[in-house]
Protein chains: 2
Amino acid sequence: MPPSSIDHNIDLPAAGRRPTMAEIARIAGVDTSTVSRALAGSPRVTKETRALIDKIVKETGYVVNETARHLRGGRANQILVIVSDIAAPFYSDVVQGIVETLAERGINVLLGVTLRQPKRETQLAKQLLTGVVDGIITVTGSIPKPILNMPGFERKVVAISRAVPHEGVTCVTIDNYSAAKQVMQHLRQMGHQHIVYIGGPSYSETYRDRSAAYADFMRENGLNDFTNMRSTDTFNNDAESGLEIMRSILNDGVCPTAVFCATDELAIGAMAAARQANKAIPDDMSFFGFDDLKLTPLMSPPLSTVAVPRFEMGHNGAEALFRQVYNDAPVSTKVVLEHRLVLRESVARIA
Amino acid sequence: MPPSSIDHNIDLPAAGRRPTMAEIARIAGVDTSTVSRALAGSPRVTKETRALIDKIVKETGYVVNETARHLRGGRANQILVIVSDIAAPFYSDVVQGIVETLAERGINVLLGVTLRQPKRETQLAKQLLTGVVDGIITVTGSIPKPILNMPGFERKVVAISRAVPHEGVTCVTIDNYSAAKQVMQHLRQMGHQHIVYIGGPSYSETYRDRSAAYADFMRENGLNDFTNMRSTDTFNNDAESGLEIMRSILNDGVCPTAVFCATDELAIGAMAAARQANKAIPDDMSFFGFDDLKLTPLMSPPLSTVAVPRFEMGHNGAEALFRQVYNDAPVSTKVVLEHRLVLRESVARIA
DNA sequence: AGCGATAATGCAATCGGTTGGATTGTCAAG
DNA sequence: CTTGACAATCCAACCGATTGCATTATCGCT
């Protein structure tokens with residue numbers, strides 16, 4: 001029987017409640033299955049029925065209940081991004097890359113912030129276990145324990161920027177060791193020997209790689225006497241810590257000709273400390289950063305640094321997770337993106 | 001009949017699939033309703049049954065399916081934050097405040113980025129209509145049209161930083177007009193008369209308020225001849241635009257003694273442009289910013305600016321939305337937080 | 001006219017919980 | 001020994017969509 005053509009204006013759903021598919025069906029005089037198929041664009045529905053349903057949908061302002069769809073379909077079309085601190089420019093850029101990429105694919109992004117508390121990370125992990133999200137992108141360098149017990153968790157997790165100590169988990173990074181080595185080579189070529197290093201927390205492979213490159217280079221070039229590494233283990237990894245660490249370096253009577261900072265944020269703070277101690281940059285002291293944050297070219301002086309493709313990292317990570325979760329493509333365990341040295345005016349050539 | 005005490009190890013759920021509540025119930029020899037109540041802490045369950053269920057839950061690693069719970073309960077326990085660009089430090093700070101506040105309350109935060117495209121905003125709005133989220137926090141100064149048709153949408157939306165042109169919608173801001181007026185008074189007290197203003201897009205009330213304060217002040221103090229406002233209508237509101245605008249000002253032969261920038265980011269760019277034109281800051285040219293981004297005290301020279309409580313805005317907005325949506329507390333239509341002038345070294349006193 | 005093929009739609013199970021009300025069991029009081 | 005009260009548990013509907021399969025309608029063909 002064709003759908004009835006009774007006047008369907010007589011019984012609109014109660015105001016204040018959104019109409020359900022059942023109501024659309026009742027008004028149209030068809031079954032919910034027909035409405036469902038009509039809206040899904042199934043060829044099994046006549047033009048007329050489809051038109052009628054479309055009209056009613058428009059009139060009532062019906063929108064599908066995604067929660068019901070998810071329950072039935074088993075997919076949330078949502079993923080979770082875990083960062084330690086979205087207020088840090090590095091992470092917010094990565095997240096921007098992720099969000100843009102997934103928005104195009106109709107995937108929602110849940111934002112989880114750990115503030116470096118393992119407890120929070122564990123809580124966030126539950127979102128995957130409870131089915132709220134279909135996958136996780138972590139930018140913290142670790143995977144919460146509860147997840148490791150999920151069979152096949154590898155294809156539901158992607159790590160960005162920081163490698164993760166688990167076999168088979170896709171990881172999008174750069175070659176931190178090489179990059180740091182190149183920085184050191186550049187500083188040496190510019191005549192610097194007394195180079196100190198301000199690093200990030202050693203529990204992160206990223207920062208271990210960078211500091212290892214520094215230490216190796218100093219050793220390999222017979223500069224052991226100058227080797228001096230300070231880290232932010234007990235600090236946050238931000239400009240404030242850079243300031244404090246640089247102050248302590250100067251207080252210790254150490255006076256390098258160049259300072260290599262493991263992040264631009266640290267460099268910003270370190271340079272401020274140097275200025276406060278009346279050092280001219282770069283004439284008295286040179287600085288090299290890492291990340292190429294957007295504002296580094298506008299600093300005074302513009303900061304030489306390593307360009308890290310943050311948006312691309314986010315983009316690639318999101319793309320990888322999407323394929324693994326929604327297209328069951330094979331996992332690609334390691335993606336290494338290109339970095340690039342950006343030479344500006346914060347490094348002086350010395351005799 | 002008490003729950004059976006048969007050995008429940010014999011039939012664990014199939015590996016790879018998470019167990020459902022039905023399976024827990026079957027293993028325990030009780031009904032799902034009992035399991036549900038046991039897990040919810042209902043007093044209608046005996047200690048013994050509860051203990052048995054807890055044990056099985058632990059052994060099987062059962063976790064509730066939130067999607068099913070949401071469907072039944074009608075609540076997603078998720079809200080959506082809409083920003084134009086999470087990579088901008090202002091927004092990422094606000095979002096950090098929001099996320100932290102809601103994490104404590106067990107509410108997830110979905111991150112929506114519009115890139116200033118109205119189409120994206122409309123798409124994002126659907127998340128509310130489809131029931132994916134229970135409410136929206138917008139930091140863009142506008143509410144997507146589809147939402148305006150929802151009866152009672154006012155209590156499901158909160159605007160942060162930028163007011164929204166809709167009666168009854170809670171809005172968390174500062175008094176931009178007063179703040180800008182105070183900045184102008186300060187500059188005048190420091191002897192400045194030739195002050196130009198670099199502003200944000202005029203479609204935002206926030207920036208209209210700041211520029212109005214500038215224009216009013218100049219008029220009220222007989223400085224009309226010096227009045228010169230440039231805006232970023234066609235630019236993004238970032239450091240790059242600050243650079244370009246300042247360049248164009250200098251190219252026009254305009255040479256103010258002080259520049260008031262509507263955001264710190266603009267100021268960073270503008271100062272870079274001034275430096276490139278060999279202006280000494282603040283001796284040749286003074287600068288005043290707006291926002292008090294974290295790195296402003298570390299700039300060279302440290303930037304005088306208006307401290308805007310970004311985290312608190314996020315916090316208050318999140319708190320307000322939470323109460324409106326989940327505690328049906330009355331909506332408070334306007335929350336005005338305190339700002340504060342932070343005087344550093346980017347403004348010189350002149351004759 | 002009868003029959004099969006095919007197109008359009010309806011039926012009912014399903015996803016995995018929650019919850020109001022019915023049911024069963026236990027114990028004490030009469 | 002019956003009855004009532006109360007505690008513990010079960011039953012079944014429900015949330016709102018999707019989908020395999022059954023059913024009905026339509027049309028062409030002989």
Side-chain angles (χ1 to χ4, degrees), chain A residues 1-5 13-14 17-53 56-57 60-77 126 129-132 134, chain B residues 1-5 13-14 17-53 56-57 60-77 126 129-132 134:
Chain A
M1 198 191 351
S4 81
S5 336
R17 261 196 57 263
R18 2 194 297 240
T20 69
M21 187 175 277
E23 277 162 320
I24 305 300
R26 188 172 44 71
I27 297 173
V30 299
D31 190 79
T32 59
S33 55
T34 302
V35 176
S36 177
R37 283 191 259 262
L39 296 180
S42 159
R44 292 168 55 180
V45 182
T46 46
K47 273 205 304 289
E48 295 74 27
T49 309
R50 188 187 309 278
L52 174 61
I53 290 173
I56 298 173
V57 164
T60 56
Y62 168 79
V63 278
V64 64
N65 180 325
E66 286 291 342
T67 308
R69 180 178 274 176
H70 295 166
L71 178 59
R72 170 68 213 225
R75 282 196 169 161
N77 291 323
K126 277 210 177 156
L129 304 177
T130 61
V132 171
D134 304 320
Chain B
M1 199 193 348
S4 81
S5 339
R17 260 196 58 262
R18 3 196 293 242
T20 68
M21 186 175 279
E23 277 162 320
I24 305 299
R26 188 173 43 72
I27 297 173
V30 299
D31 189 80
T32 59
S33 55
T34 303
V35 176
S36 178
R37 283 191 255 262
L39 296 179
S42 158
R44 291 168 57 180
V45 182
T46 44
K47 271 205 307 289
E48 295 74 27
T49 308
R50 188 186 308 278
L52 174 60
I53 290 173
I56 297 174
V57 163
T60 56
Y62 168 80
V63 279
V64 64
N65 179 324
E66 285 291 343
T67 308
R69 180 178 273 175
H70 295 165
L71 178 59
R72 170 69 212 226
R75 279 193 172 164
N77 291 323
K126 278 210 176 155
L129 304 177
T130 59
V132 171
D134 303 320

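Chain letters run A, B, ... following the sequence lines, proteins first and then strands; every chain starts at 1.
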Taking atom [atom2] of [N] as reference, at what distance in whole Å does atom [atom1] of [X] sit?
X: A:Arg72; N: C:dG17; atom1: CZ; atom2: C1'; answer: 16 Å
X: A:Arg50; N: C:dA7; atom1: CZ; atom2: C1'; answer: 13 Å
X: A:Asp31; N: D:dA25; atom1: CG; atom2: P; answer: 15 Å
X: A:Leu39; N: D:dG16; atom1: CG; atom2: C1'; answer: 13 Å
X: B:Lys47; N: D:dT9; atom1: NZ; atom2: P; answer: 12 Å
X: A:Leu71; N: D:dC15; atom1: CG; atom2: P; answer: 14 Å
X: B:Leu129; N: D:dA17; atom1: CG; atom2: P; answer: 13 Å
X: B:His70; N: D:dC14; atom1: NE2; atom2: C1'; answer: 17 Å

Where each residue is assigned the nucleotide of DNA chain D containing its nearest heavy atom, which of B:Thr32 and A:Val63 is assigned the position nearer the 5′ end?
B:Thr32

Quick check: on DNA chain D, is the nucleotide nearest A:Arg69 upstream (toward 5') of the one nearest B:Arg44, or the reverse? Name the residue that is more 5'.
B:Arg44

With distance as the sole criterion, do the side chain of [X] and the base of [N] form a donor-acceptor contact below 3.5 Å?
X: B:Arg18; N: C:dG16; result: no
X: B:Arg37; N: C:dG20; result: yes
X: A:Thr20; N: D:dC15; result: no
X: B:Ser33; N: D:dC11; result: yes

[X] side-chain N/O to [Y] backbone N/O, donor-acceptor pair under 3.5 Å:
X: B:Arg50; Y: B:Ser42; value: yes
X: A:Ser36; Y: A:Thr32; value: no
X: A:Arg18; Y: B:Leu129; value: yes

Looking at OG1 of A:Thr60 and CD1 of A:Ile24, how far apart are the two atoms once the value is rounded to the nearest 0.5 Å?
3.5 Å

If only side-chain N and O atoms of [X] are considered, is one of them under 4.0 Å from the OP1 or OP2 phosphate oxygen of [N]?
X: A:Thr46; N: C:dA8; value: no
X: A:Thr49; N: C:dA8; value: no
X: A:Tyr62; N: D:dG16; value: no

Quick one: which of C:dG17, D:dT19, D:dT9 gets closest to the side chain of A:Ser36?
D:dT19

Sugar-phosphate, base or nothing in reach of B:Val35, heavy atoms under 4.0 Å
nothing

Across the strands shown, which category fits A:Val45 at heavy-atom distances under 4.0 angstrom: base, sugar-phosphate, nothing?
sugar-phosphate

Could you check if a side-chain atom of B:Tyr62 sits within less than 4.5 angstrom of a side-chain atom of B:Val35, using non-hydrogen atoms only?
no

